[in-house]
Asks: 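One structure coming up, written as structure tokens, with questions to follow.
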Amino acid sequence: MPSRYSVLTEQEEKKGTAWIRRHGEGVAAVVSGVLTLVAWWMTEWMPMSALTLYLAAYVIGGFAKAKEGLTALVVERKLDVNLLMLVAAIGAAFIGYWMEGALLIFIFALSGALERYSEQRSQRDLSSLLSLQPQSALLLRGSEETEVSIDDLRPGDRVLVKPGAQLPVDGEVIEGASEVDQSTITGESVPVGKRPGDGVFAGTINGTGSLVVKVSRPAEESTFSKILRLVEEAKSQQPPSQRKIERFEGMYVKAVLLVTGLLLIAPPLLWGWNWSNTVYRAMVFLVVASPCAVVAAIMPAVLSAMSNGARQGLLFKGGAYVESLSEVQVVALDKTGTLTKGELAVTDVVPLAGEQESDILLAAASLETLSEHPIARAVVAEAKKRNLSPVRPHSFQSVTGHGVKGEWRQKRWRLGKPAWIMSVDHPALARLEAEGKTVVALAQEETPIGLIALRDQIRPEAKEAIQVLQKRGLEVVMLTGDRRRTAEAIAQEVGIQHVEAELLPEEKVAAIQRWAQKRGPVAMVGDGVNDAPALATAHVGIAMGAAGSDVALDTARVVLMNDDLGKVSEAIALGQRTWRIVKQNLVFALAVIGGLILVNFTNGIALPLGVVGHEGSTLLVILNGLRLLR
């Protein structure tokens, strides 16, 4: 795969650079701590050797952070917390407090290693799919198998997937049956049965059966490739609060350095302090006033939340959208493809002239065998489900805007809109349409003999997902372009009280804006091209990952990889939990800094206690954020 996806190559693994990149800071922190402990133990009887060990502890433990601080100063021309710690440690050594300076370096390096760990854990969970993409596929040409690069596959090609192999492409099963482990793509813990007609994803793992898969899209357009693009976006995004903290950090560091300079000058001139005591107090202030814990309050928590979400099939395009989800007050849902599966299914077969349901369905399915209309596919599927065997009609004609007609079993048949077939005021027709169903009528010769009602199937988890959202105090709204009667019937079944139907894409945008003014930030959940404007307008757009259009996936900021509506509530809950922890971290960090500064100016505080108190608070803040990995 391209290097921009930060995949570790085999050559890097052999050289060991990957191991160093993952664990180098942690090892350096531990070595620094051990050297500091041994030097402290040797101070009394081998002072020069102890000094050498302290210097080694400084260099080993402080190298990474010193490099970051100096790079920020020279390249980005900004002061950051790394530079403060470097100055404080050097200052402590300058006045003879080697142990305190080394302890500061050790704890600061340890906190940096923990933060690095949380970042790597997040990226590892987000990017774990990358290693699963096969580079080749078994292309079938007639009965011959040829191994080819996945880049050479084109839509319509047939590939063989053997038991235990990875699926190389997105496609449709056309032969065979098996169970496929889709956990890395969708988060589903149980393998999913696949039969002819079922869709499959690149990067998933085949079970015990062989499959022949027809390629539906090129490798670069697969769900896998979409995920790679989303991962890259996620790595570069920061929440607004983190950006504010970083801007604050630059100003704060300058203020701390200015106050430290005043503390080095004013006390000897105004109160006659000696030089050693003055520098000591200034170094204590430099340590305790550093905003390490404040800076670490947000990103470890956010990265941990993104990592947690990735394991559950929730893909955040960036930390900013974890924060956005925590503010959501309204959840707007599209109907077709979001609340429903986007697939019609027969719900009722109603005889009108004494015929059997099976006879009506067999005649309708036979007439529809030559049609590719969604209604035709649903009718034929229902007939096969009832073990009926449709037979092609002797003649067939599609009548645009009305339906189909043909000759079957020596009789003339028509199937289509009720207004084309019969009187539209029939009570059975009125009842079915009132239930939000699509109805077609069947006529033999000129006599209507039956009605067939169809409806888009509601996702099985939809009702429970809506209830959970409402229990969280969120307003749930349906925004759809479908007919009002159909939309209201679906809404009533799943428990949605607010319905806006027959909306054009621009009207969905207006509805989002109205709800935002009325109740607050809106999360929009959708899957289609027509949902893209609303997804972009909403406070945060959430797309259905498996069934969603490319436009919807590109526009949305959160993706449900397994199309499970229950994950919407989980995503919002994760965002809220993340920001509760961030607020805890900020309050705690600021309280510790304020308390230590106050004690230092009133009663004075020993440098070791200042180091432990300040850097200890940083460690606690990072560990608190890492709780979100669970």
Asks: List the steps and the verdict of side-chain contact (heavy atoms from CB on, under 4.5 Å) for Val346 and Lys385.
Replies: CA-CA 11 Å; Val346 173; Lys385 182 179 178 182; over 6 Å; no

Asks: Take a 6.0 Å sphere around CD of Glu502 and say whether it holds more than 12 heavy atoms from other residues, nucleotides or ligands.
Replies: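 Check passes, neighbour count above 12.
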
Asks: Just verifying a value: how many Å separate Arg580 CZ and Thr578 OG1, rounded to the nearest 0.5 Å?
Replies: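 Rounded to the nearest 0.5 Å, the CZ-OG1 separation comes out at 9.0 Å.
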
Asks: How long is the span from the OG1 atom in Thr340 to the CD atom in Glu493, to the nearest 0.5 Å?
Replies: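 It is 11.0 Å, given to the nearest 0.5 Å.
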
Asks: Side chains of Arg472 and Ser569: do they bring a donor and an acceptor to under 3.5 Å?
Replies: yes

Asks: Under 4.5 Å between any side-chain heavy atoms of Met544 and Thr338, yes or no?
Replies: yes

Asks: Given the rule in the side-chain contact (heavy atoms from CB on, under 4.5 Å) test, do Ile572 and Leu469 qualify, once you have shown the distances and angles that lead to the verdict?
Replies: CA-CA 9 Å; Ile572 293 173; Leu469 289 169; 4.1 Å; yes

Asks: For a quick test of reading the model, state the closest non-hydrogen atom pair linking Ile466 to Gly495 and the distance between them.
Replies: CG2-O, 4.0 Å

Asks: Distance check, rounded to the nearest 0.5 Å: Leu628 atom CG versus Ile581 atom CD1?
Replies: 3.5 Å

Asks: May I ask you to test the Ile375-Ile452 pair for a side-chain heavy-atom distance under 4.5 Å?
Replies: no

Asks: Quick one: are Ser324 and His539 in side-chain contact, heavy atoms under 4.5 Å?
Replies: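 Answer yes - side chains close enough.
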
Asks: Please check this pair: side chain of Asp348 against backbone of Val350, looking for a donor-acceptor N/O pair closer than 3.5 Å.
Replies: no

Asks: In sequence, state the C-alpha distance, the side-chain angles, and the governing distance for Val404 and Phe396, and then conclude on side-chain contact (heavy atoms from CB on, under 4.5 Å).
Replies: CA-CA 7 Å; Val404 297; Phe396 174 84; 3.6 Å; yes

Asks: So, Gln584 side chain and Asn624 main chain: donor-acceptor pair closer than 3.5 Å or not?
Replies: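 No, because the side chain of Gln584 does not come within donor-acceptor range (under 3.5 Å) of the backbone of Asn624.
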
Asks: Taking Gln457 for its side chain and Arg455 for its backbone only, find out whether a donor-acceptor pair lies under 3.5 Å.
Replies: yes

Asks: Got Val525 and Asp334 here, is their nearest side-chain heavy-atom distance under 4.5 Å?
Replies: no

Asks: Within this structure, what is the CD-CD1 distance for the pair Glu500 and Ile512, rounded to the nearest 0.5 Å?
Replies: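 Here the interatomic distance stands at 9.0 Å.
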
Asks: Which heavy atom of Gly176 sits nearest to which heavy atom of Pro196, and what is that distance?
Replies: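 Answer, listing the atom of Gly176 first, then Pro196: O-CD, 3.3 Å.
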
Asks: Heavy-atom count check: over 12 atoms from other residues, nucleotides or ligands less than 6.0 Å from Lys405 NZ?
Replies: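 Result for NZ/Lys405: open.
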
Asks: Short question: side chain of Glu475, backbone of Val330 - any donor-acceptor pair under 3.5 Å?
Replies: no

Asks: Look only at the side chain of Lys341 and the backbone of Asp456, and say whether a donor-acceptor pair between them is shorter than 3.5 Å.
Replies: no

Asks: Could you check if a side-chain atom of Val302 sits within less than 4.5 angstrom of a side-chain atom of Trp579, using non-hydrogen atoms only?
Replies: yes

Asks: Would you say Val161 and Pro168 make side-chain contact, with heavy atoms under 4.5 Å?
Replies: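 With C-beta onward as the side chain, the pair touches.
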
Asks: State the CD-CD distance between Glu368 and Glu382, to the nearest 0.5 angstrom.
Replies: 13.5 Å

Asks: Calculate, to the nearest 0.5 Å, the distance between atoms CD and CE belonging to Gln492 and Met478 respectively.
Replies: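 If I round to the nearest 0.5 Å, the distance is 11.0 Å.
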
Asks: Any idea which heavy atoms bring Ala534 and Val509 closest together, and the distance?
Replies: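 So the minimum-distance heavy-atom pair works out to N-CG2, 3.8 Å.
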
Asks: May I ask you to test the Ile458-Leu339 pair for a side-chain heavy-atom distance under 4.5 Å?
Replies: no

Asks: Which atom pair, heavy atoms only, marks the closest approach of Gly193 to Asp198?
Replies: O-OD2, 3.8 Å

Asks: More than 12 heavy atoms of other residues, nucleotides or ligands under 6.0 Å from CD of Gln497: is that the case?
Replies: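 No, not enclosed.
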
Asks: List the atom of Val499, the atom of Ala487, and the distance in Å for their closest heavy-atom pair.
Replies: CG1-CB, 3.9 Å

Asks: Do any N or O atoms from the side chain of Arg459 and from the backbone of Gly337 form a donor-acceptor pair under 3.5 angstrom?
Replies: yes

Asks: Show the numbers, then the answer: is there a side-chain contact (heavy atoms from CB on, under 4.5 Å) between Leu325 and Leu574?
Replies: CA-CA 8 Å; Leu325 277 172; Leu574 183 59; over 6 Å; no

Asks: If you look at every heavy atom in Lys437 and Ala453, which pair is closest and at what distance?
Replies: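 That would be CD-CB, 4.1 Å.
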
Asks: Less than 4.5 Å apart, side chain to side chain, heavy atoms only: is that true for Leu565 and Leu333?
Replies: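 Counting from C-beta outward, Leu565 and Leu333 do come under 4.5 Å.
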
